[in-house]
Number of protein chains: 2
Amino acid sequence: MSFIMYKAYLCKTNATMISKTCEYAIRATLFIAQKSLDDARTGIKEIARNIDSPEAFIAKILQELGKAGLVLSAKGPNGGFYIDDRGMNNTLADIILAIDGDKLFTGCGLGLKTCSDKKPCPLHDEFTAIRQQIKNMMQGAKIGDFRNSLALGEKFLRR
Amino acid sequence: MSFIMYKAYLCKTNATMISKTCEYAIRATLFIAQKSLDDARTGIKEIARNIDSPEAFIAKILQELGKAGLVLSAKGPNGGFYIDDRGMNNTLADIILAIDGDKLFTGCGLGLKTCSDKKPCPLHDEFTAIRQQIKNMMQGAKIGDFRNSLALGEKFLRR
DNA sequence: ATAATAAAAGACATAATTATCCTTTATTAT
DNA sequence: ATAATAAAGGATAATTATGTCTTTTATTAT
């Protein structure tokens with residue numbers, strides 16, 4: 001006996017807290033951080049393979065992360081991406097801000113441009129609280145914090 | 001003296017907790033609920049005007065909400081959309097589920113399909129907690145709850 | 001019955017995001 | 001110096017989400 005399952009909802013919409021681009025950015029950064037533990041540089045191919053992303057796309061994203069100072073890179077043989085001690089203190093909030101901007105931390109839950117404390121949407125207070133919590137969580141999450149659990153195989157970056 | 005401001009981030013990404021489509025859906029539903037207070041039906045033009053959305057687009061969305069049983073509709077003269085007492089007990093979670101699916105409530109924060117308690121991404125526990133909180137908030141927010149504050153002009157649906 | 005109204009349905013168009021490709025520039029090893 | 005390597009940069013393509021238009025169906029008032 002077998003069942004066919006149907007989704008009960010439409011869902012051609014895009015609603016993720018963090019954009020796909022930014023997800024790749026975070027996964028790549030955490031992977032580079034892990035590799036940088038023993039001063040090793042890692043290249044685009046290796047990164048793409050290990051975080052399960054398209055090569056060309058993560059290359060583009062890494063350019064942005066480089067401009068934002070969140071990863072370092074070196075061209076040529078033995079080149080690649082790496083993160084120094086200073087970079088290990090950057091947070092997930094920094095990555096999110098660099099790629100997605102601040103909408104995760106500040107926007108109105110109903111997409112109202114004029115939503116504010118004075119002219120609140122019906123969800124204003126609830127969303128304000130939740131966003132603040134997310135912000136705290138992301139600002140508290142340093143890149144370096146994840147290295148050990150990743151290296152030990154307690155946490156994972158591939159799907 | 002004047003300044004030109006530049007955004008410090010890229011941001012060609014999409015990262016909203018709730019899709020634009022779903023935002024319209026919520027705003028429309030709350031507006032219809034408000035109108036339904038005194039048994040009045042409201043049409044697409046009026047809805048679009050009051051929630052500041054494209055007419056044709058909200059029409060499409062209302063079809064989905066109708067199929068999902070979240071709003072009722074009647075064709076012809078004096079027709080329009082309305083919500084009955086039963087419908088007033090539906091929650092924002094129901095609308096979100098009907099339009100965006102359950103990704104807001106369940107997805108991995110880093111977009112990993114295999115993320116789970118057993119094979120967690122580095123943000124697994126934090127995201128699980130936050131999503132649960134959002135879910136609670138949305139499941140607790142009944143459509144009918146918003147009617148009064150909207151009618152009194154304490155809360156707003158237009159941008 | 002007929003005309004007018006308003007939502008349902010389906011096809012189509014636009015815009016935004018995600019993804020790819022190709023050339024250029026910088027660096028290293030020979 | 002030269003060839004090989006690897007990231008940077010720029011242009012373009014594919015996909016997905018958002019938005020529009022036109023026809024059909026159901027209902028109501030005349």
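Treat the numbers as computed from the prediction; the structure is a model and nothing was measured.
- Partners of A:Lys75 by salt bridge (charged side-chain N to carboxylate O under 4.0 Å, His left out), not counting sequence neighbours: none found.
- Judged by distance alone with a 3.5 Å cut-off, no donor-acceptor contact links the side chain of A:Lys67 to the base of D:dG9.
- In this entry the distance linking CD of A:Glu46 with C1' of D:dT5 reads 15 Å, nearest Å.
- Atoms CD (B:Glu55) and C1' (D:dT22) sit 15 Å apart, rounded to a whole Å.
- As a whole-Å value, the separation of B:Phe81 CZ from D:dT27 P is 14 Å.
- Inspection of the A:Asn136 and A:Gln132 side chains reveals an N or O donor paired with an N or O acceptor under 3.5 Å.
- Residue-to-nucleotide contacts include a donor-acceptor pair under 3.5 Å from the side chain of B:Lys75 to the base of D:dT25.
- If you measure from atom CZ of B:Arg27 to atom P of D:dT18, you get 13 Å, rounded to the nearest angstrom.
- Taking the nucleotide of DNA chain D with the nearest heavy atom to each of B:Ile58 and B:Arg41, the more 5' of the two is matched to B:Ile58.
- Ranked by how close their nearest DNA chain C nucleotide is to the 5' end, A:Pro77 and A:Lys60 are led by A:Lys60.
- Counting all heavy atoms, side chain and backbone alike, A:Val71 lies closest to A:Leu62 at CG2-O, 4.1 Å.
- If you measure from atom CZ of B:Phe57 to atom C1' of C:dA7, you get 17 Å, rounded to the nearest angstrom.
- One finds no side-chain N or O of A:Tyr24 lying less than 4.0 angstrom from the OP1 or OP2 phosphate oxygen of C:dT18.
- Looking at B:Gln63, its side chain comes within 3.5 Å of the base of C:dA9 through a donor and an acceptor atom.
- Here the P atom of nucleotide D:dG19 and the CD1 atom of B:Ile99 are 13 Å apart, to the nearest Å.
- Remark: B:Asn78 is not in phosphate contact with C:dT5, judged by side-chain N or O atoms under 4.0 Å from OP1 or OP2.
- With a cut-off of 3.5 Å on both Watson-Crick or G-U wobble distances, the partner of C:dA29 is given as D:dT2.
- Computed from coordinates, the A:Ile61 CD1 to D:dG9 C1' distance equals 16 Å when rounded to whole Å.
- Residue A:Ala74 is classed as a sugar-phosphate contact, given heavy-atom separations below 4.0 Å to backbone atoms only.
- Applying the 4.0 Å criterion to OP1 and OP2 of D:dA7, one finds that A:Ser73 has every side-chain N and O outside that range.
- A:Leu62 comes within contact range of no nucleotide atom at all, as no heavy-atom separation falls under 4.0 Å.
- Between A:Glu64 and A:Lys67 there is a salt bridge, since at least one side-chain N of the basic residue sits less than 4.0 Å from a carboxylate O of the acidic one.
- Counting any heavy atom pair closer than 4.0 Å across all strands shown, B:Gly66 reaches no nucleic acid atom.
- Taking atom NZ on A:Lys45 and atom C1' on D:dA6, their separation rounds to 10 Å, with Å as the unit.
- The minimum heavy-atom distance linking A:Arg131 with A:Leu104 is given by the pair NH1-O, 2.8 Å.
- Ion pairing between a basic and an acidic side chain is recognised when a charged N comes within 4.0 Å of a carboxylate O; B:Glu55 and B:Arg49 show no such pairing.
- Under 4.0 angstrom from either OP1 or OP2 of C:dA19 there lies at least one side-chain N or O belonging to A:Lys20.
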